[in-house]
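Working notes, structure below.
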Amino acid sequence: MIKRITLVIIVTICIISFFLISYQAKGLIKFSKINLSPLISPVNYVTNFASDLLHCQEENKKLKEQLYQIILQQKSYYELMEENRRLKSLLGLKEREKQILTLATIIRRGSNKFLKTFWIDKGSEHGIKTGMPVITLNGLVGKVIFISSNSSEVLALTDPNFSVSVRVERTRAEGILSGTGTNLCRLKYIPLEEDIMVGDRLITSGTDGIFPEGIKVGVVKKVDRKNGFFQNLEVIPYQPDSKIEEVAIIKN
């Protein structure tokens, strides 16, 4: 808008100048006898005002860019602090739990649409083997299904191909937890007579020979006893797939 006003002013000045020169050439106007300052001064004022306004606009834009840059740097600083906090917690967990082999960071999500997987930055050179359980501070997140020298692929807890033996903490009832391909899991093979309630917490039972006993898994979200010989139980994992950043790999 400002640039358009400036352009109009410049064009107007050019037109006025053209007419003044034309009249002077015809002898109709003699500049020596005419004082043009009252005419020129407002034009100069408007032109200078428009120029100053443009300058302020550009300066304002630069200041905004600098402010956004500062905000981004501040965000990066807090992200770094949060990452350090998580890593310290994981290191503390490793010191407490002798079963933990190593810590790792997620480097990418799986590209196979039929599998819910993610890749970590540790592999066979770090002692990782297929089948090893993977956890976070919140609980179980999956198991290693493929390894290379410096990276590994982890099958997520919520994948339909994943299963783990679990135990209900309150009643000690045992069943098999499987993924559904969504953000929920399903607890299978719990008889109808078992007293399972919404909010019951699940841990690994250790009876499958893969996952050590006592790892937190999830919480019962829905209980359905209407059909079949077993209860239909939906479970929310303690650790959402989308929020996994650092993990620990457990010896098995």
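Quick note: numbers below take in every heavy atom, side chains included, and nothing from hydrogens, waters or symmetry partners.
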Give a yes or no on whether [X] and [Y] share a hydrophobic cluster (residues Ile, Leu, Val, Met, Phe, Trp, Tyr; joining criterion: side-chain heavy atoms under 4.5 Å apart).
{"X": "Phe230", "Y": "Leu184", "value": "no"}
{"X": "Ile196", "Y": "Val198", "value": "yes"}
{"X": "Ile250", "Y": "Tyr238", "value": "no"}
{"X": "Leu140", "Y": "Leu115", "value": "yes"}
{"X": "Leu177", "Y": "Tyr189", "value": "no"}

Flag side-chain contact, heavy atom, 4.5 Å: [X] against [Y]:
{"X": "Val166", "Y": "Ile203", "result": "no"}
{"X": "Val154", "Y": "Lys143", "result": "no"}
{"X": "Asn183", "Y": "Asp241", "result": "no"}
{"X": "Ile249", "Y": "Pro133", "result": "no"}
{"X": "Ile176", "Y": "Val164", "result": "no"}
{"X": "Ser165", "Y": "Thr204", "result": "no"}
{"X": "Leu202", "Y": "Leu187", "result": "yes"}
{"X": "Glu245", "Y": "Ile106", "result": "no"}

Distance-only, no hydrogens or angles: does the [X] side chain make a donor-acceptor pair with backbone N or O of [Y] under 3.5 Å?
{"X": "Asp159", "Y": "Gly179", "result": "no"}
{"X": "Lys122", "Y": "Gly127", "result": "no"}
{"X": "Ser152", "Y": "Ile120", "result": "no"}
{"X": "Asp121", "Y": "Thr105", "result": "yes"}
{"X": "Thr130", "Y": "Ile145", "result": "no"}
{"X": "Gln231", "Y": "Glu194", "result": "yes"}

To the nearest 0.5 angstrom, please state how far the [atom1] atom of [X] sits from the [atom2] atom of [Y].
{"X": "Leu157", "Y": "Ser178", "atom1": "CG", "atom2": "OG", "answer": "9.5 Å"}
{"X": "Ile128", "Y": "Thr102", "atom1": "CD1", "atom2": "OG1", "answer": "6.0 Å"}
{"X": "Glu234", "Y": "Lys221", "atom1": "CD", "atom2": "NZ", "answer": "6.0 Å"}
{"X": "Asn138", "Y": "Lys216", "atom1": "CG", "atom2": "NZ", "answer": "6.0 Å"}
{"X": "Thr207", "Y": "Glu174", "atom1": "OG1", "atom2": "CD", "answer": "5.0 Å"}
{"X": "Asp200", "Y": "Ile190", "atom1": "CG", "atom2": "CD1", "answer": "10.0 Å"}

List for me each residue that meets salt bridge (charged side-chain N to carboxylate O under 4.0 Å, His left out) alongside Asp195, sequence neighbours excluded, and say none if there are none.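 Asp195 satisfies salt bridge (charged side-chain N to carboxylate O under 4.0 Å, His left out) with Arg170 only.
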Arg167/Glu213 under side-chain contact (heavy atoms from CB on, under 4.5 Å): CA gap, chis, key distance, verdict: CA-CA 9 Å; Arg167 178 181 293 126; Glu213 181 182 2; 3.1 Å; yes
What are the two closest non-hydrogen atoms of Lys251 and Ile100, and how far apart are they?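 Here Lys251 and Ile100 meet closest at CE-O, 4.4 Å.
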Taking every non-hydrogen atom, the tightest pair across Ile147 and Ser124: CD1-CB, 4.1 Å
Leu103 and Glu246: side-chain contact (heavy atoms from CB on, under 4.5 Å), yes or no, with the steps? CA-CA 7 Å; Leu103 307 178; Glu246 295 92 18; over 6 Å; no
Can a donor-acceptor pair be found between the side chains of [X] and [Y] at a distance below 3.5 Å?
{"X": "Thr117", "Y": "Glu153", "result": "yes"}
{"X": "Arg225", "Y": "Asn232", "result": "no"}
{"X": "Thr136", "Y": "Gln239", "result": "yes"}

Strictly under 6.0 Å, is that where the ring centroids of Phe211 and Phe162 end up?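 Yes.
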Can Val144 and Val134 be said to form a side-chain contact (heavy atoms from CB on, under 4.5 Å), step by step? CA-CA 7 Å; Val144 177; Val134 181; 3.9 Å; yes
